[in-house]
Amino acid sequence: MKKYILQSIRLTAVLMVLLCVIYPLIVAFAGGFSKGKGGGEKITTNGKVVGYALLGQSFTKPEYFWGRPSAVDYNAAGSAGSNKGPSNSDYLQQVSDRIDTLLKYNPTIKKADIPADMVTASGSGLDPNISEQGAIIQIKRIAVARQLDEKTVAELVVKNTQGPLLGLFGPTSVNVLKLNLALDELKK
């Protein structure tokens, strides 16, 4: 029995050093090679940080592109999904209300044109991107609200559309914060 206890203590000590010291150092070292040097990719305007590229924000004004709904009100400290399934009546009502809001502010679109990402929250509640279709259905509203040509707004969407990773993994998407900042730059 003494033999097994000593082996357990040694294994515990080795795993503590490996998982509590070496692994975090490797992750921190690898993070140093990322865009934000491990601190997140900050987006700045006029020398002021206005957000992070990988954290969604709430945009509710008609002159801005709206992002994906958040189950945590875009609180990065409390990242989570809603955990409500398609049989939950509260969830179905919430999705229905989101659809009604989109149709109210975008009267030229049909219910069938609304992509799922515009009415359902992501697993983290902090998704900064929307689908290309999610941006396209908002073009007319934004063009009218900002008194811009629809073609100008559509070109801006195309410029800010990111393709799949390595051309293979994931859908095309649009970063809402970057797109809205580009919109603000048009007015200058």
Side-chain angles (χ1 to χ4, degrees), residues 31-82 97-99 101-109 113-188:
F33 293 108
S34 66
K35 285 185 182 179
K37 304 288 185 234
E41 184 184 346
K42 296 176 185 171
I43 298 177
T44 58
T45 300
N46 300 325
K48 180 182 173 190
V49 176
V50 294
Y52 288 84
L54 297 179
L55 290 177
Q57 294 184 21
S58 177
F59 291 97
T60 56
K61 293 181 180 177
E63 63 267 17
Y64 286 106
F65 282 93
W66 297 347
R68 197 164 181 182
S70 173
V72 294
D73 294 324
Y74 302 97
N75 179 0
S79 171
S82 70
D97 292 345
R98 290 172 181 161
I99 291 171
T101 300
L102 274 171
L103 292 172
K104 176 183 172 186
Y105 285 94
N106 300 280
T108 59
I109 64 170
D113 296 333
I114 300 172
D117 65 304
M118 293 304 296
V119 293
T120 58
S122 66
S124 70
L126 300 170
D127 195 346
N129 300 325
I130 57 174
S131 64
E132 187 176 16
Q133 180 63 23
I136 289 170
I137 65 169
Q138 300 181 68
I139 290 173
K140 186 165 185 73
R141 179 193 80 232
I142 290 160
V144 169
R146 289 184 175 254
Q147 299 171 350
L148 293 169
D149 180 41
E150 281 184 52
K151 185 178 178 186
T152 303
V153 179
E155 288 171 357
L156 202 60
V157 169
V158 170
K159 285 180 189 174
N160 285 277
T161 299
Q162 305 160 358
L165 179 65
L166 303 174
L168 300 171
F169 305 107
T172 57
S173 62
V174 181
N175 185 292
V176 178
L177 177 59
K178 290 179 180 179
L179 180 57
N180 284 333
L181 290 173
L183 261 176
D184 286 342
E185 287 295 317
L186 283 179
K187 283 290 187 179
K188 292 181 179 180

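No hydrogens, no waters, no symmetry mates; every other heavy atom, side chains included, goes into these values.
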Next on the checklist: Measuring from atom CZ of Arg146 to atom CG of Leu183, what distance do you get when rounded to the nearest 0.5 angstrom?
Outcome noted: 4.5 Å
Checklist entry - Heavy-atom distance under 4.5 Å between the side chains of Pro115 and Ile137, does that happen here? => result yes
Checklist entry - Could you give all pairs that pass the side-chain hydrogen bond (donor to acceptor under 3.5 Å, both in side chains) test and reach residues 148-164, with sequence neighbours left out? => result Lys140-Glu150
Checklist outcome for this item: Heavy atoms of Gly170 and Pro164 approach each other most closely as O-CB, 3.1 Å
Item to check | Minimal non-hydrogen separation, Gln57 against Tyr52, with atom names | outcome: NE2-N, 4.4 Å
Checklist outcome for this item: In short, Ile43 meets Leu181 closest at the heavy-atom pair CG2-CD1, 3.4 Å
Next on the checklist: If we ignore hydrogens and angles and just use 3.5 Å, is the side chain of Asn106 paired with the main-chain N or O of Ile109 as donor and acceptor?
Outcome noted: no
Checklist entry - Do Ile142 and Leu148 have side-chain heavy atoms sitting under 4.5 Å apart? => result no
Next on the checklist: In the structure I gave you, are the side-chain heavy atoms of Phe65 and Val157 within less than 4.5 Å of one another anywhere?
Outcome noted: yes
Give the table of side-chain donor-acceptor pairs shorter than 3.5 Å for residues 124-133, with sequence neighbours excluded, one pair per line with atom names and distance.
residue: Ser124; atom: OG; partner: Leu126; partner atom: N; Å: 3.0
residue: Asp127; atom: OD1; partner: Asn129; partner atom: N; Å: 3.1
residue: Asp127; atom: OD2; partner: Arg68; partner atom: NH1; Å: 3.4
residue: Ser131; atom: OG; partner: Asp117; partner atom: OD1; Å: 2.9
residue: Ser131; atom: OG; partner: Asp117; partner atom: OD2; Å: 3.4
residue: Ser131; atom: OG; partner: Gly134; partner atom: N; Å: 3.0
residue: Glu132; atom: OE1; partner: Thr172; partner atom: OG1; Å: 3.4
residue: Gln133; atom: NE2; partner: Asp113; partner atom: O; Å: 3.4

Item to check | Trp66 six-ring centre to Arg98 NZ/CZ under 6.0 Å and within 45° of normal | outcome: no
Checklist entry - Which word best sums up how the rings of Phe59 and Tyr64 line up, parallel for under 30°, tilted for 30 to 60°, or perpendicular for over 60°? => result tilted
